[in-house]
There are 2 protein chains.
Amino acid sequence: MSTAQALVARNGASALSLREVARELNMASSAIYRYFATRDELLTTLIVNAYNDMGAAVEKADAKLSTAGHRERFVGVARAVRRWALRHPHDYALIFGTPVSGYVAPAGTIVAATRVSAVLGRILSQAEADTTTASPSAAERAMVDVDAVTAVTGPLSGPRVIDALSAWSAIYGLISFELFGHFVGSVKKNDTFFDAALHSWADRFGLPN
Amino acid sequence: MSTAQALVARNGASALSLREVARELNMASSAIYRYFATRDELLTTLIVNAYNDMGAAVEKADAKLSTAGHRERFVGVARAVRRWALRHPHDYALIFGTPVSGYVAPAGTIVAATRVSAVLGRILSQAEADTTTASPSAAERAMVDVDAVTAVTGPLSGPRVIDALSAWSAIYGLISFELFGHFVGSVKKNDTFFDAALHSWADRFGLPN
DNA sequence: TAGAATCAAGAGCAGTGCTCGCATTTTTTG
DNA sequence: CAAAAAATGCGAGCACTGCTCTTGATTCTA
C-alpha cells in the first residue's frame, strides 16, 4: 500500500504499474491480486488515502487558526490547501485531475472528499453567524442541495451557500491552473497572486479585517 | 488524425491506442510512426486541435453577442465554454485534465491555448474602457505579467487583470467540478448554478444590466 | 529513365493487466 | 492435537501495449 503510494508520488498515477509495486515488494505480480482485484481498485484506495491526507493537513491548519479572525482563517485554510497540493502534486492530480476511465466515485471516497470543503464552509458559516442569516430562497434550493451542504458546514444563507461552492471550485481552479501550467506566461508570482485572488474572495464574503 | 480524434471522443485520451487507430485505418501499427514519432506527439497534436476547436466555438459565440451588453456578453461567452466542454468532455479533459507524464507544453499549443481566455479578457477590457482605467500598480506588475496579458486583451487596470485571470480559472473550476463529478451531492441544477456563479462574477466586475 | 525520397509491412522486444492451476502456509474447528 | 478450511503466494501464459528495425513497394524528381 505505502509502496504504491511512494511510486505514485514519484511517477504519477498513470504510470503506476502493478508489476512494479510487486517487484518493489519482492512478490510475484499475481500475488497482488489477492489484495486488489484490479488496478483501478488499487488507485481507488490511493485516492481515499490522498483525500484523507489532504483533509487532515487542512484541518490541522484550521485548528491552528482557531483564534484568528474569519478573514485570516479563510485565507489561511486556502493557503493550506495550496501548500498541500504543491507538496503532493501527484496525489493532487490523482484526486482532482482527469478521472480514470469509466470512473464512478466509490461510496468510500465521498466522506473523505468533503473534509476540506467542510472546513471552508464552516468558516463561512461562522463568519455569517456574526451578522445575519437569511434563509435560502426557493430558487436557491432548486439549484443546490442546501440541506446536504449545511449539514456539514452549519447554517448558511442562500446566496452564500452558492458562493461558498463557487469559491471552493475557484480555489481548485487557481491551484490547478498553477500546477498544470496554465498560468505560465501570465502569472509570475504564484504565491502573491493566489493571496490576492483569495482576499478578493474574502472581500466578496465581507470578511472583516 | 481525425480517426484518433474520434477514438479519443469515444474512449478518452488515456485509452488511446496507437495500434487501435492503425487497425481502424487498416494499417500496420508501425506505419503510424511515419507520421508521429511517439504516442505523446499524437496526443499533442490532438491537444492543439482541441484548443482550436474550443477557441473557434467560443469566438463564434462571442461574435453573435457583439451587439449585446457587457454583462450578457461575459455570461454568454462563459456559457459557450461550458457548453463546448459538456459536448466534448474527453477533449476538455485532454486540455485541462492531468497533464500526461513529464509534459512541457509544446510551443505550438500556447497560441491556441490563449484563444478563449483572450475573448474573455477583451470583454472585460472593453467594459472597463466605458468607465475609467487606472494603470496597474508596481505590486500588481510584480505578480502578473501585465504586458503579456494586455497585449492580447487590450488595456486592463491593475486589480482587473488579476481578477480576470482569477475569473478565468474560476470558470475552469466550475466546469471541471461539474464534469469530474465533484459537485455531485451538492449542486442539483448545474445550468442555473453556473449562471448564478457567473452573475456573481459579473457583479464583482461591475458589469451593468 | 535512373536515383532518391517516401510510405507501408512484418517480425520482434520489453513491458503491461489479468487469469488460472498448483503449492504452501496459516487459521479455524471438531 | 489433528484435520479441515481458509488465506496467501508462485509461475506460466494470454492478449494487449509502445516502439524499433529491416525489408519491400510506390511515387516523386532530376
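Residue numbers start from 1 in every chain, and the chains themselves are labelled A, B, ... in the order their sequence lines are given, proteins ahead of strands.
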Donor-acceptor list for residues 181-188 of chain B side chains, cut-off 3.5 Å, not counting sequence neighbours:
residue, atom, partner, partner atom, Å
B/Ser186, OG, B/Phe183, O, 3.1
B/Lys188, NZ, A/Arg141, O, 3.2

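Residue A/Leu7 contributes atom CG, which lies 15 Å from atom C1' of C/dT16 at whole-angstrom precision. If you take CZ of A/Arg39 and C1' of C/dG15, they are 13 Å apart, rounded to a whole angstrom. When the P atom of D/dC19 is taken as reference, atom CG of B/Leu18 falls 6 Å away, rounded to whole Å. A/Glu20 places its CD atom 9 Å from the P atom of C/dG17, with the value rounded to the nearest Å. Atom-to-atom, OH of A/Tyr33 to C1' of C/dC20 comes out at 13 Å; the value is rounded to the nearest Å. Spacing between atom CD1 of A/Ile32 and atom P of C/dC18 amounts to 11 Å, rounded to whole angstrom units.
Applying the side-chain hydrogen bond (donor to acceptor under 3.5 Å, both in side chains) rule to A/Arg160 yields no partners; only residues at least two apart in sequence or on another chain are considered. Partners of A/Ser200 by side-chain hydrogen bond (donor to acceptor under 3.5 Å, both in side chains), not counting sequence neighbours, listed by chain and number: B/Asp163, B/Arg204. Applying the salt bridge (Lys or Arg N to Asp or Glu O under 4.0 Å) criterion to B/Glu72, with sequence neighbours excluded, gives no partner residue.
Residue B/Leu16 is in sugar-phosphate contact alone, with no base atom involved, counting any heavy-atom pair closer than 4.0 Å across all strands shown.
Under the 4.0 Å criterion applied to side-chain N and carboxylate O atoms, B/Arg79 and B/Asp191 are not assigned as salt-bridge partners.
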Contact list (N/O, under 3.5 angstrom) for nucleotides 11-16 of chain D vs protein:
residue, atom, partner, partner atom, Å
D/dG11, N7, A/Ser30, OG, 3.2
D/dG11, O6, A/Ser30, OG, 2.6
D/dG13, O6, A/Arg19, NH2, 3.4

Which atoms of nucleotides 6-8 of chain D (N or O only) lie under 3.5 Å from a protein N or O atom, and what are those distances?
residue, atom, partner, partner atom, Å
D/dT8, O3', A/Tyr35, OH, 3.4

Derivation of the side chain to side chain donor-acceptor pair (under 3.5 Å) call for B/Arg71 and B/His199 | CA-CA 8 Å; B/Arg71 184 186 208 93; B/His199 276 288; 3.1 Å; yes
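Between the side chains of A/Tyr51 and A/Thr114, no donor N or O sits under 3.5 Å from an acceptor N or O. Side-chain contact of A/Ser137 with A/Glu140: a donor-acceptor pair under 3.5 Å is present, judged by distance alone.
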